[in-house]
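The structure appears below as structure tokens.
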Amino acid sequence: MSLSPERWTGAAGVRADVDAECRYLPNTSGGTTMIDVWSSTGTAPGLDLQRFVELTGLMGSERFSSSLLDCLDHWVSSQHFCVMRMDLPQPSMLMAGTRHHDSRLVWRCWHAYAQQFHSHDQLFSRMQGEQRHDGAVLLGHILAEDIQFAPYRQNVYLRNGMSERLSGLSWDDQGVPVLFNLYRHHEAGYFPDDEIEAFEQLTPIVLQLLRGHLAMSRRVEHAGDWRQVLLRQSPQLTEQELEVCMRLLQGMTHAGIAVDLGLKESTVKTYRNRAFDRLGINFRNQLFALVQGKILR
């Protein structure tokens, strides 16, 4: 299940139940508080990244979110993720996805976090305080039992069966922190060391893919205009030819379009060639120029 940025962005409208007395509690495990923050090494991951090829092809499509979890599951098992822009005074959700049997779980957690508990997120606070100026991604890890603010721990983590979180933090072009979180649930146990190491290696790549996907997704806002321009230019375009052109305009690869439409890549290229012939163009950049020129007039 994936959820659009429009559905998630903005103020949360549902108030979570919070104990009347909000208080910080010490760690109850009897051991050292397990809150870790460290920088990515920047070294090339010693992992087979072939699985990211298909994911790259899905950038900009609605299937990207669910496919991201499927892709990461090969190295890091998690049932849901979220990407938040940590704006002030309240964060906004850019993207989220879940495979949990309770599809509303991540929705409830977001509402509670955005409205009440983001200012008590000690992992984010520590990561933000260690901002690197060399562009390195910061990584973080926290266990539910080490969250000091009791209402946050209870209403977001324990009530929903979440045991821990892995986070990657980067900064966008405006200098606003962007937080990528993966969550583990009690029934799945804790993240083992090898999965945490894989998360460290993969997070810089994942953050780059997320930036590209979000940028492409914004182009979908113009999809209606694009379709009208193409049909005015050539009313003979078939629905399949239109769908291929629309995805080319979104920046998708031929392989990605094939996966998205359930076609062979060779079939996608056939539809592309037919569409280009009807439109009187030969190359993808001419398709962009045609659409942009018509819309701006």
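Given the structure is predicted, the values throughout are model-derived calculations rather than measurements. FYI, the numbering just counts along the sequence from 1.
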Problem set entry | Test salt bridge (Lys or Arg N to Asp or Glu O under 4.0 Å) applied to E239 and R227, step by step | CA-CA 10 Å; E239 185 61 26; R227 180 177 289 269; 3.3 Å; yes
For this session: Determine the minimum heavy-atom distance between F199 and V76, stating which atoms define it.
Result: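 So the two residues come closest at N-CG2, 3.8 Å.
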Check salt bridge (Lys or Arg N to Asp or Glu O under 4.0 Å) between [X] and all other residues, then give those that pass, not counting sequence neighbours.
{"X": "R278", "result": "E241"}
{"X": "E187", "result": "none"}
{"X": "E54", "result": "none"}

Would you say [X]'s side chain and [Y]'s backbone share a donor-acceptor pair under 3.5 angstrom?
{"X": "R184", "Y": "G189", "value": "yes"}
{"X": "R99", "Y": "S78", "value": "yes"}
{"X": "N160", "Y": "N155", "value": "yes"}
{"X": "Q122", "Y": "Q148", "value": "yes"}
{"X": "T270", "Y": "S266", "value": "yes"}

Exercise. Can T238 and R274 be counted as having a side-chain donor-acceptor contact under 3.5 angstrom?
Worked result: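 Short answer, no.
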Exercise. Going by atom types only, do Q201 and W75 share a side-chain donor-acceptor pair under 3.5 Å?
Worked result: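 The criterion, which ignores hydrogens and geometry beyond distance, is not satisfied for W75 and Q201.
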Problem set entry | Single-linkage hydrophobic cluster Y152~L158, side-chain heavy atoms < 4.5 angstrom |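 Different clusters: Y152 never reaches L158 through Ile, Leu, Val, Met, Phe, Trp or Tyr contacts under 4.5 Å.
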For this session: Could you point out which residue of Y157, Y183, Y190 forms a side-chain contact (heavy atoms from CB on, under 4.5 Å) with E164?
Result: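 Running side-chain contact (heavy atoms from CB on, under 4.5 Å) over Y157, Y183, Y190 with E164 returns exactly one hit, Y190.
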